[in-house]
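Down below is the structure, laid out as structure tokens.
Because the structure is a prediction, the values reported are computed rather than measured.
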Amino acid sequence: MLDQIHLLAAVTVLGVLEQAYFFLQVIYARRKFGISPPKISGPPEFERIFRAQVNSSEYFPIFLALLWPAGLFFHQGLAAALGLFYLYSRYCYFEGYKASSSERLTPIYFSSGVLWILIAASALGILHFFFSHYMGLNILQLLRG
């Protein structure tokens, strides 16, 4: 079983480490700009870092909820590769947002596209499983001819 999930587990751990990096960046920004919790407003530089971290945290559960079904029901290698693309685009989003709010746009569009592909892979994989397991139909064979 572990050979069926090791790539997904590795991408998940990398994602958690990325989230920790984003959290640390907020802590450093709070110290740099003298903003104590629970305050969330300050100079635009701080607010961009804070928003980038919050936005990334909001999307992380969605990412994980799509990564695992796509990997388990569709293809582990493809899901893991898409996961790495997602994490890289989120890093670019974070760094871009730190610099300027307009620099976040291209990476956020890319990461959203990756999530849509993960949705499709998850849905197709789960549908294939249900049809083959409960109805004895192999959708892939039916589609091939």
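- Listed by chain and residue number, Arg90 satisfy the side chain to side chain donor-acceptor pair (under 3.5 Å) test with Tyr86 (two or more places apart in sequence, or in another chain).
- Cluster partners of Val13, by chain and number: Leu17. The rule joins Ile, Leu, Val, Met, Phe, Trp and Tyr whenever side-chain heavy atoms lie under 4.5 Å apart.
- Applying the salt bridge (Lys or Arg N to Asp or Glu O under 4.0 Å) test to pairs two or more places apart or on separate chains, none has a residue in residues 40-56.
- Here salt bridge (Lys or Arg N to Asp or Glu O under 4.0 Å) pairs that include residues 98-118, with residues two or more places apart or in two chains, are Glu95-Lys98.
- Interatomic distance, CG of Leu72 versus CG of Leu8, reported as 6.0 Å (0.5 Å rounding).
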Can you check side chain to side chain donor-acceptor pair (under 3.5 Å) on Trp68 and Ser122, steps first, answer last?
-> CA-CA 8 Å; Trp68 281 85; Ser122 296; over 6 Å; no
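- Partner of Phe22 under the ring-ring contact (aromatic ring centres under 6.0 Å, His included) criterion, chosen from Phe94, Tyr28, Phe50: Phe94.
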Decide side chain to side chain contact (heavy atoms under 4.5 Å, CB included) for Tyr91 and Tyr21; before the verdict, give the C-alpha distance in whole Å, the side-chain angles of both, and the deciding distance to 0.1 Å.
-> CA-CA 10 Å; Tyr91 175 79; Tyr21 170 76; 3.9 Å; yes
Could you go step by step and tell me if Gln19 and Ser56 meet the side chain to side chain donor-acceptor pair (under 3.5 Å) rule?
-> CA-CA 8 Å; Gln19 290 297 307; Ser56 295; 5.1 Å; no
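- By the 6.0 Å contact criterion, CZ on Phe23 is enclosed, its count of non-hydrogen atoms from other residues, nucleotides or ligands being greater than 12.
- Pairs passing the salt bridge (Lys or Arg N to Asp or Glu O under 4.0 Å) check and including a residue from residues 115-137, sequence neighbours excluded, do not occur.
- Rounding to the nearest 0.5 Å places OH of Tyr59 at 7.5 Å from CG of Leu115.
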Can Asp3 and Gln76 be said to form a side chain to side chain contact (heavy atoms under 4.5 Å, CB included), step by step?
-> CA-CA 10 Å; Asp3 61 330; Gln76 178 187 203; over 6 Å; no
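- Residues Phe130 and Tyr134 place their aromatic rings such that the two centres sit under 6.0 Å apart.
- Note: Ser111 OG to Asn55 CG = 10.0 Å, rounded to the nearest 0.5 Å.
- Taking hydrophobic clusters as Ile, Leu, Val, Met, Phe, Trp and Tyr residues chained together by side-chain heavy-atom distances below 4.5 Å, Ile5 shares a cluster with Ile126.
- The structure places CZ of Phe110 at 9.0 Å from SG of Cys92, a figure rounded to the nearest 0.5 Å.
- A perpendicular orientation is assigned to the rings of Phe33 and Phe46, their planes being inclined by more than 60° (bins at 30° and 60°).
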Starting from the C-alpha separation in whole Å, work towards a yes-or-no answer on side chain to side chain contact (heavy atoms under 4.5 Å, CB included) for Leu118 and Phe63.
-> CA-CA 8 Å; Leu118 285 170; Phe63 164 66; 4.2 Å; yes
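- Rounded to the nearest 0.5 angstrom, Leu87 CG and Thr12 OG1 are separated by 8.5 Å.
- Once rounded to the nearest 0.5 Å, the distance linking CD1 of Ile117 with CZ of Phe85 reads 9.5 Å.
- Taking hydrophobic clusters as Ile, Leu, Val, Met, Phe, Trp and Tyr residues chained together by side-chain heavy-atom distances below 4.5 Å, Tyr109 does not share a cluster with Leu84.
- When hydrophobic clusters are built by joining Ile, Leu, Val, Met, Phe, Trp and Tyr residues whose side-chain heavy atoms come closer than 4.5 Å, directly or via intermediates, Val16 is not grouped with Val54.
- Within 6.0 Å of CZ in Phe60 there are more than 12 heavy atoms belonging to other residues, nucleotides or ligands.
- Across every non-hydrogen atom of Leu7 and Ala80, the tightest pair is CB-CB, 3.7 Å.
- Closest approach of Pro43 to Ile35, counting heavy atoms only: CD-CD1, 3.6 Å.
- Residue pairs satisfying the salt bridge (Lys or Arg N to Asp or Glu O under 4.0 Å) criterion with at least one member in residues 6-34, sequence neighbours excluded, are absent.
- Ring planes of Phe129 and His133: parallel class, angle under 30° (limits at 30 and 60°).
- Between Leu67 and Ala79, the shortest heavy-atom contact is CD1-O, 3.3 Å.
- Under the 4.5 Å side-chain heavy-atom criterion for Ile, Leu, Val, Met, Phe, Trp and Tyr, Ile49 and Leu105 are members of distinct hydrophobic clusters.
- Val114 and Ile108 fall into different hydrophobic clusters, defined by Ile, Leu, Val, Met, Phe, Trp and Tyr side-chain heavy atoms under 4.5 Å apart, directly or through other members.
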